[in-house]
Every structure is written in structure tokens, then in C-alpha cells.
A.B. asks: 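Before I ask anything, let me first share the structure, which is written out below as C-alpha cells.
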Amino acid sequence: MLKRTHLCGSLRPSHVGQSVVLCGWVNTYRDQGRGLIFCDLRDREGLAQVVFDLEQVPPEVVEASRGLRREDVIAVKGIVRVRAGGPNPKLATGEVELVATELEVLNKTDNPPILPDEYEAEKINEEIRLKYRFIDLRRPRMQSILATRSKVTKAARDYFTKNGFLEIETPLLIRSTPEGARDFIVPARLHPGKWYALPQSPQLFKQILMVAGCDRYIQICKCLRDEDPRADRQAEFTQIDLEMSFVEREEVMQMMTGFVRELWSSIFSYDIGTVQRMTWQHAMDRYGIDRPDTRYGLEIEDVSDIAAKTEFGVFKEALAKSRHGRNGVVRAIRVPGGAEKLTRKMTDAYSEWVKTFKAGGVPVVKMTEKGLETGIAKFLEPVKAELIAKLGLQVGDAVLFAADHWDVAAKALGELRQRVARELNMIPEGKWNFLWVVDFPMFEYDDEGKRWVALHHPFTSPNPDQFGILESDPGACLSAGYDLVLNGSEIAGGSIRIHRQDVQQKVFNLIGLTDEQARIKFGFLLDALKFGAPPHGGIAFGLDRLVMHIVGTDNIRDVIAFPKTQSGGDLMTEAPGPVDDAQLVELNVRSTVPVV
RNA sequence: GGGGCGGUAGCUCAAUUGGUUAGAGUACCGGCUUGUCACGCCGGUGGUUGCGGGUUCGAUUCCCGUCCGCCUCGCCA
């Protein structure tokens, strides 16, 4: 076999005159007739044009070159020269070509169902791309994404090991724990009737590594949550998981900010500047979401007191609502220029759409030269001046309202804010807005379960100044949690953990675990906390999402080599699949559904 | 679990109100072509219209069910 000397994409004028061997896939071939054949050969690095001058090569090369087809795998030996037909500016190698002297066809291909040609590929159904992933991944775009992902994981290892983190592996077969997402479970052959779970994250193990004196830990690990996927979510995903001892949240945030600073600097030569902080309450009030996109305005204003002075029934009803000690609200978004840009059709669609978030609709008013018009203008007439002042209304603006329980109104306007920004093209290109969200509540009340549930997870510590109200007013207690948000998407989340056994016990009690249940489920953690647990905290980056931002895609499957579909299937391997009865018998498992 | 969109040639799509032999581009096959680069020209092969049922003289088209894919609500500590 001819031995490769260069990568296709690496050929440059400096190679002219050299004898080289390229290996790769036939990207395209152009048969010019009896004398001349062109072939663009592709490998991971790019394309190079190979010329077969049929009068200058041995008969077997003539025959083999005439039989070349797209995606055949070949090795070619030849001399690099300046292109005789003039340069091709579309190719990085476009100034040179390889004049073939030898050709070895390493593997003929069947007619490929799809081609890794960018011109074609953008149009091909993802279903087909996933089935023939081995061809789809040959595309330059996909190769580039895989390379970028590799760069990110290497940057993480470099940065964190440089800062004293040890890379330590944690088990995949673990104990199933309550709380959180649904577990994937694995039958334990040696323990009939018992099961392992696959980790939703290495959370408890990394905490125990801190108790074990490892000081700083990093792992790039798979996490598995048996929940329905989304465009930016897979059941099986990857985290850059970290934990540090003897720190408070400030040091964790500084360390992590340093990482993204280095990453963005090395990949984009972009200075992320000072990363802003925002409290969870501020985020919810002003942006209607716990991961605000601060690249544009459209902030939410509370106009409850003004609305209270109107006779508009929807406002009155909303303000009369109350839940968990919080009154209903009327809130509004001023849309600059919205009087013209937001058509009746659009605002009607918004009203319909917010119903999916349990809101009743979106009252609208527009500001024209004549004053407030359309929509609910007549109800607002008495408070016109106040409203204009509060919202800073100018002629040409529109106002979108939500009136409901505070969380419903927040959610509706938060979603609406993003949709309006998208539809009115208000999101600036090329901006990277990083933001730390802090001071999350420890708990939220679960109406169905009639109990408090941890907003982050039950190992999250209250903020140091909040211990006093942990038990007396859990609903008001703020945690030492922090999320790193990029352009409205959560890319990392973590917290300072509880390192005292008595505090952990209290939190378990608060979320409805009795001492005995806590003992059964988390006895090892409570033990660890008893025997010398240092203060510690950490964070986990969602690697897939981080890479999505970096490569500019909104499809998580683009950044995973072998992703799963929305129903958890792998279209290439056809997993999940049936197993033999014998396997089930050995595992002491019986299926309750007939095998298809 | 709920809602929405989609599935026609290897691939991307079309097919009028339910009506002739389901078409086009591309890929593939054959021929021509010595400077192309999404090469070009001529010709050809290629169909379980996702699957199952129903209505009808007649179904890609209408109805029911089902499978698959995508988006989304719930869910994702």
C-alpha cells in the first residue's frame, strides 16, 4: 500500500516539485475525455485536486482512474505542481494540483445513499444523515465540529490541571437515588432483584472526593437522564464536571470565569470582559427567566400599581390572585417601534401562544401621536400619563402585557420577550454575553407533591447569611448556587455544597425525607459529612451546549458524533434493540410487554 | 402523556377538485468530451407513494389506526 506523506488539505505552493502520496475519499471526479481526468480528493484536512494525464500514466492507472466514483477510497502518488488550468480560489489548496503517477484503489464504494458534499448535505433529512452517520461525519462541517469539540475538552484539561485539578473517574454503575430526573437502570446479575442506575451526574462522588482530600477534581463525563430530549438536550450528554475544596462561591465563579475567558480568547481571540452578576429574583422580574439573554433590551416592567387603578377586568382578576404568599401581578414589555412592526396577526398569535405557558393572553396597546390606541387603550386612558412615564413610552411603541400569578406572568413575558426579539431581529450578531445568575431560592413549593423541592439539588448549601431562615422560612431561603449563562442559555450550573451533616439532614427533612429514608438513600453521604468534610463547591459545564455556542448551531445532535433521536433511538445501530430470552433469564428480568 | 409539522425514485422535491402510463433535478449505468473544479453534451435504468385498514368506478390525494423523524408543552433535582 502506498504510504501517505501529506494530508490533502495541506498542499501549498511550497510543495511544488515534491513527490507526495495522498490518501482519502474521492469527493468529485471530472472526466474530460480520453486524455484527462480530475479528481478532488478529500481527507480530514480538506480537498486537493488530483490530475490524471492519461497519456502519461501506465495502462492500469488509466483503467483504474476512469473507474473512480465518488467516495471511493484511494491512495495517489504524484508530483505537486502549480495548477495548469489556473487557481481555484474556493479551495485552500487551490493554487496547486497533484499530477498522479500511481493510483491504488483501496476500497471501491457502493453507490452512496448520501454524499458528504456541503452543497447537498444541507438539504438532506436528518433522519438519513443519522442512519448513514459514517458518511455524514465526513462532511467538512462535521469534521470541523468534532475538531472544535476536541479543542474545548483539551482546553478544559489544560486550564484546570494547570490550576491544580486532578482528573478522576467516577463509576457508571451506581445506586439509584430519589429526586431529580428519571434514572436509566441496569439489572445487577449478581444480586437478583437489585439494580444499578446510570449516573445523572457524578455529584455525590465528586463531593466525596473532596471529603477524601483530593482538593480539586475535574472529569469530562457522560451523564444520563431518562427524560424526553429537546433540540438542545439529549438523554445522554457530556459534562465538564468540577469540584473545589476550601472555597466560597466567589472563588468558584472566578475560576470558571477564567476558563471561559481563556477558551474564548483562544478560539475567537475574543475578550469576554467582566462577567456581570444578576440575582435570580432580578432575572425573573426583569427577564422572566432564570437565564436572561442580555444581548437586547425589552426588559419587563411591573405595572401592577398602575393597573390596579384601571377598570380592566383581566387586570383586576390577576391582581386579586394569590399563591404561596405572592400576589398576582400585571407586567409589561415596551416594544420600541412595535406600533408598526407588531401586526394584529402577530399579537393575536402571541395571545394564543402564551396559553401554552398557562397565561390567559397578551393584552396590547400602541402609542401613536394621538395617544394610546388599539387593544386595551380605552381601559388605560385614566392611567395614561403614569403608564407612559413608567415605561418611557414614545410614539411608535407597543406594549405587551401579562396579568397573572407572578410566576405565570414572568414565564409568559419571558418567552414573549425572546420571541419578539427574534421576530423583530433585535438580537445583535457576534455578541457573547456571559452572565452569572446567583441567589437562587433553595426550594420551590411543589403543589402536586405538597412539599418543598430543591430548586438546584438537595446538596446545595444555603448562602452563608441564610442559615438562620433555612428552617423558619424555607421559601425565602437563598442558596449558594450559581449558573453561568451565555446569550440566554445555561452553560454551567453549580453551588457551594452542604459540608455539615446536621445541615444536610435538615435539608433532607425539609424536602420530605425522613431521617430513616435519608439514611437508606444517602447514608454514605451523611457518613462522609460526619468524618471531616471540608467546605467545598463546584460546577458542571454542559459540554454539548458549550460547543453548540462555539460552532453556532441550535441542534445538539450536530455536536455529538453519534446522537440519539427524540425517542432515544440510534438510527445507525438501531439501538435500543431486543435481547435474547437467555440474557433476561440470566439477569432475573422478565419483560411485561411482548417482544416485537 | 398532550399539541403541531412531515414521510412519494439512492438523495432533494413536484403531482390542479379524487382521474391518462406518478414527473423533475441530482446520483447511478452506457456513450461522447484534453483544463475542469456543483465540468459539459446525448441516451438509459430506477417507484410496496412509511405500514395496515376503510370510503370510492378510481386514492400520493379523503377517513381511521399504526410506525418513524422533527419542533414544542409537561418532564429535565
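Convention: sequence-line order gives letters A, B, ...; per-chain numbering from 1.
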A.B. asks: Spell out yes or no: do the side chain of A/Arg69 and the base of B/rC29 have one donor N/O and one acceptor N/O closer than 3.5 Å?
C.D. replies: no
A.B. asks: Does anything in residues 491-525 of chain A pair up under ring-ring contact (aromatic ring centres under 6.0 Å, His included), and if so which pairs, sequence neighbours excluded?
C.D. replies: A/Phe459-A/Phe522, A/Phe508-A/Phe522
A.B. asks: For A/Arg233 and for A/Ile124, locate the closest nucleotide of RNA chain B by heavy-atom distance; then report the residue assigned to the nucleotide nearer the 5' terminus.
C.D. replies: A/Ile124
A.B. asks: Ignoring the backbone of A/Arg30, work out which of B/rU33, B/rC39, B/rC11 is nearest its side chain.
C.D. replies: B/rC39
A.B. asks: Does A/Asn88 get its side chain close enough to the base of B/rC37, under 3.5 Å, for a donor-acceptor pair?
C.D. replies: yes
A.B. asks: What is the distance, to the nearest angstrom, from the CG atom on A/Asp31 to the C1' atom on B/rG35?
C.D. replies: 13 Å
A.B. asks: Counting any heavy atom closer than 4.0 Å, what does A/Pro458 reach on the DNA or RNA strands: base, sugar-phosphate only, or nothing?
C.D. replies: base
A.B. asks: Check every strand shown and say whether A/Leu115 touches a base, only sugar-phosphate, or nothing at a heavy-atom separation below 4.0 Å.
C.D. replies: nothing
A.B. asks: Identify which nucleotide among B/rC76, B/rU12, B/rA27 has an atom closest to any side-chain atom of A/Ile128, counting heavy atoms from C-beta outward.
C.D. replies: B/rU12
A.B. asks: Could you write nucleotides 65-73 of chain B as a row of B, S and -, 5' to 3', where a protein heavy atom under 4.0 Å of any base atom gives B, of only sugar-phosphate atoms gives S, and otherwise -?
C.D. replies: ---SSBBBB
A.B. asks: Provide, to the nearest angstrom, the distance between the CD atom belonging to A/Glu227 and the C1' atom belonging to B/rG2.
C.D. replies: 16 Å
A.B. asks: Tell me, which of residues 74-84 of chain A have any heavy atom that sits under 4.0 Å from an atom in RNA chain B?
C.D. replies: A/Arg81, A/Arg83, A/Ala84
A.B. asks: In whole Å, measure the gap between the C1' atoms of B/rU45 and B/rC28 for me.
C.D. replies: 8 Å
A.B. asks: Of the nucleotides B/rG35, B/rC28, B/rG10, which one has an atom closest to the side chain of A/Tyr29?
C.D. replies: B/rC28
